[in-house]
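Before any comments, here is the structure.
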Amino acid sequence: MKEIIIATKNEGKAKEFKVLFERYGIKATSLLDLEQELPDIEETGSTFEENSALKSEGIANILQIPVMADDSGLVIDALDGEPGIFSARYAGEPKDDKKNIVKVLENLKDVPTEERTARFVCVLSVSIPGETTIFKKGYCEGTIAFEEKGSHGFGYDPIFIPDGYNQTMAELGPGEKNKISHRRNAMVQLEDWIQNLR
Ligand SMILES: O=c1[nH]c(=O)c2ncn([C@@H]3O[C@H](COP(=O)(O)OP(=O)(O)OP(=O)(O)O)[C@@H](O)[C@H]3O)c2[nH]1
Ligand SMILES: [Mg+2]
């Protein structure tokens, strides 16, 4: 079976990539699956693109094989785009999904439904040693709920209601999420590259 290394230590992302790549007959291996302990890459960039490239190029340079990375986050209009590239650690270190949700709900407590618009953003980067890194960006539009609901997914899924639905992403579950997610919408733009993977 063909294999791709995904430069992530996020269990939720790793799970989704396994399913998303399965339909192309490719095994997605995350850094959590590797025996070799790889360094945590510091995400010092100021855009999703910069941070994604730091991860894919950093790991590709060490392993000397093609590597894909995902830098993603939640962009909330009423918070001027926060938490954005800081989504993972919005409520501080170490990263804590529950605390992040509490902080978003607190910051939005006086914001009415029609102003709670937001989107998930995903930038995928693919780095092949000696070649220029390529980027694809995907979005998933929605609104922020007033309380957490559902138990699937990770991150902010319990408070994100995708457009066209009246349940949160965490209530919808992985089957539906993988049809509409920002990650999926970035992946489909890589299809040509994926088909040529050896
Ligand atoms: O509800 C969510 N559903 C999603 O589908 C999703 N995708 C991203 N996010 C949020 O954005 C951070 C990424 O930050 P991030 O790209 O730096 O990843 P990370 O630090 O978690 O792992 P790594 O891939 O860097 O190892 C994550 O932690 C989450 O808070 C999501 N939340
Ligand atoms: Mg990260």
Side-chain angles (χ1 to χ4, degrees), residues 4-20 28-34 37-59 67-76 79 81-105 118-127 135 137-145 148-162 165 167-187:
I4 175 87
I5 303 289
I6 319 275
T8 183
K9 293 188 178 180
N10 179 315
E11 208 182 315
K13 284 187 194 177
K15 256 189 177 168
E16 289 179 19
F17 278 119
K18 284 190 196 303
V19 176
L20 290 169
T29 298
S30 81
L31 303 186
L32 301 170
D33 303 317
L34 296 181
E37 184 63 36
L38 288 154
D40 284 327
I41 307 272
E42 247 199 286
E43 296 176 41
T44 52
S46 54
T47 61
F48 291 112
E49 283 80 1
E50 282 173 20
N51 284 334
S52 195
L54 284 170
K55 292 184 271 191
S56 59
E57 290 172 5
I59 300 299
V67 172
M68 185 169 111
D70 163 315
D71 201 65
S72 45
L74 178 63
V75 171
I76 301 175
L79 301 180
E82 274 187 21
I85 61 166
F86 304 110
S87 293
R89 289 159 190 82
Y90 191 42
E93 297 269 7
K95 73 174 179 186
D96 184 324
D97 287 349
K98 281 263 173 265
K99 285 187 184 162
N100 290 341
I101 286 178
V102 169
K103 182 167 176 183
V104 165
L105 291 180
R119 65 208 52 78
F120 278 127
V121 180
C122 172
V123 170
L124 296 179
S125 59
V126 176
S127 299
F135 298 92
K137 195 169 195 169
Y139 299 92
C140 180
E141 298 284 338
T143 54
I144 305 300
E148 307 183 35
K149 277 186 194 162
S151 56
H152 299 285
F154 67 97
Y156 300 90
D157 284 341
I159 56 167
F160 185 84
I161 303 172
Y165 296 81
Q167 288 179 300
T168 67
M169 200 70 113
E171 290 179 289
L172 291 173
E176 207 61 24
K177 181 175 180 183
N178 285 335
K179 288 183 199 158
I180 61 169
S181 78
H182 46 315
R183 196 155 287 113
R184 159 63 184 257
N185 290 333
M187 277 269 299

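Source: prediction; values computed, not measured. Whatever order the structure lists ligands and atoms in, that order sets their numbers, starting from 1.
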Among protein heavy atoms, which sits nearest to atom 17 (O) of ligand 1, and what does the distance come to when rounded to 0.1 Å?
Glu43 OE1, 2.8 Å

protein heavy-atom neighbour closest to atom 16 (O) of ligand 1 works out as Lys13 NZ, 2.8 Å

Considering non-hydrogen atoms of the protein only, which is the closest contact for atom 23 (P) of ligand 1, and what is the distance?
Thr8 OG1, 3.5 Å

With Ile59, which of Ile6, Leu38, Leu54, Leu34 fulfils side chain to side chain contact (heavy atoms under 4.5 Å, CB included)?
Leu38

Return yes if some donor-acceptor pair links the side-chain N/O of Ser56 with the main-chain N/O of Val126 below 3.5 Å, else return no.
no

Atoms of ligand 1 less than 4.0 Å from Gly155 heavy atoms?
1 (O), 2 (C), 32 (N)

Should you measure from each heavy atom of Asp70, which atoms of ligand 1 turn up under 4.0 Å away?
16 (O), 24 (O)

Candidate with minimal heavy-atom separation from atom 2 (C) of ligand 1, of Tyr90, Phe154, Phe86
Phe154

Keeping the roles fixed (side chain from Lys13, backbone from Asp70), state whether a donor-acceptor pair exists under 3.5 Å.
yes

Honestly, for Arg184 the part within reach of ligand 1 (heavy atoms, under 4.0 Å) is neither

For atom 22 (O) of ligand 1, grab the closest protein heavy atom and report residue, atom and distance to one decimal in Å.
Asn10 CB, 3.4 Å

What protein heavy atom is closest to atom 30 (O) of ligand 1, reported as residue, atom name and distance in Å?
Tyr156 CE1, 3.2 Å

Mark up the atoms of ligand 1 that fall under 4.0 Å of a heavy atom belonging to Ala88, in ascending order.
12 (C), 14 (O), 20 (O), 28 (O), 30 (O)

Distance check, rounded to the nearest 0.5 Å: Ile4 atom CD1 versus Phe17 atom CZ?
10.0 Å

Is it the case that the side chain of Arg184 and the backbone of Asn178 share a donor-acceptor pair, with hydrogens and angles ignored and the cut-off at 3.5 Å?
yes

Sub-4.0 Å heavy-atom contact, Ser181 with ligand 1
no

Atom pair NE2/CD of His152 and Gln167 - distance to nearest 0.5 Å
9.5 Å

Please check: side-chain N/O of Lys18 versus main-chain N/O of Ala28, any donor-acceptor pairing under 3.5 Å?
yes

Here the atoms of ligand 1 under 4.0 Å from any heavy atom belonging to Phe120 are 1 (O), 2 (C), 3 (N), 31 (C), 32 (N)

Return yes if some donor-acceptor pair links the side-chain N/O of Ser87 with the main-chain N/O of Leu74 below 3.5 Å, else return no.
yes

Would you say ligand 1 has an N or O under 3.5 Å from any N or O of Lys95?
yes

Residue, atom name and distance, where the atom is the protein heavy atom closest to atom 26 (O) of ligand 1:
Lys9 N, 2.9 Å

Checking a contact table here: which protein heavy atom is nearest atom 7 (N) of ligand 1, and how many Å away?
Arg183 NH2, 2.9 Å

Heavy-atom distances under 4.0 Å are what count here, so tell me which part of His182 touches ligand 1: side chain, backbone, both or neither.
side chain

Can you check whether Gly155's main-chain N or O pairs, donor with acceptor, with Asp97's side chain at less than 3.5 Å?
yes

Per-atom contacts of ligand 1 with Asp157, taking only distances under 4.0 Å to non-hydrogen atoms:
1 (O), 2 (C), 3 (N), 4 (C)

Quick check: Phe120 with Tyr139 (ring centres under 6.0 Å apart)?
no

Run the numbers for me: atoms of ligand 1, each under 4.0 Å from some heavy atom of Asp71, listed by number.
15 (P), 16 (O), 17 (O)

What distance separates Ser30 OG from Lys9 NZ, expressed to the nearest 0.5 Å?
10.0 Å

Contact flag Glu43/the Mg ion (ligand 2), N/O/S atoms, threshold under 2.8 Å
yes

Let me confirm one number: the CG-NZ distance from Leu20 to Lys177, rounded to the nearest 0.5 Å.
9.5 Å

side-chain hydrogen bond (donor to acceptor under 3.5 Å, both in side chains) between Thr8 and Asn10: does it pass, once the steps are laid out?
CA-CA 5 Å; Thr8 183; Asn10 179 315; 5.3 Å; no

In this structure, atom 5 (O) of ligand 1 is nearest to the protein heavy atom Lys177 NZ, 2.7 Å

Counting heavy atoms only, name the option from Pro158, Ser52, Ala69, Ser72 that's nearest to atom 14 (O) of ligand 1.
Ser72

Does any N or O atom in Lys55 lie less than 3.5 angstrom from one in ligand 1, N or O only?
yes

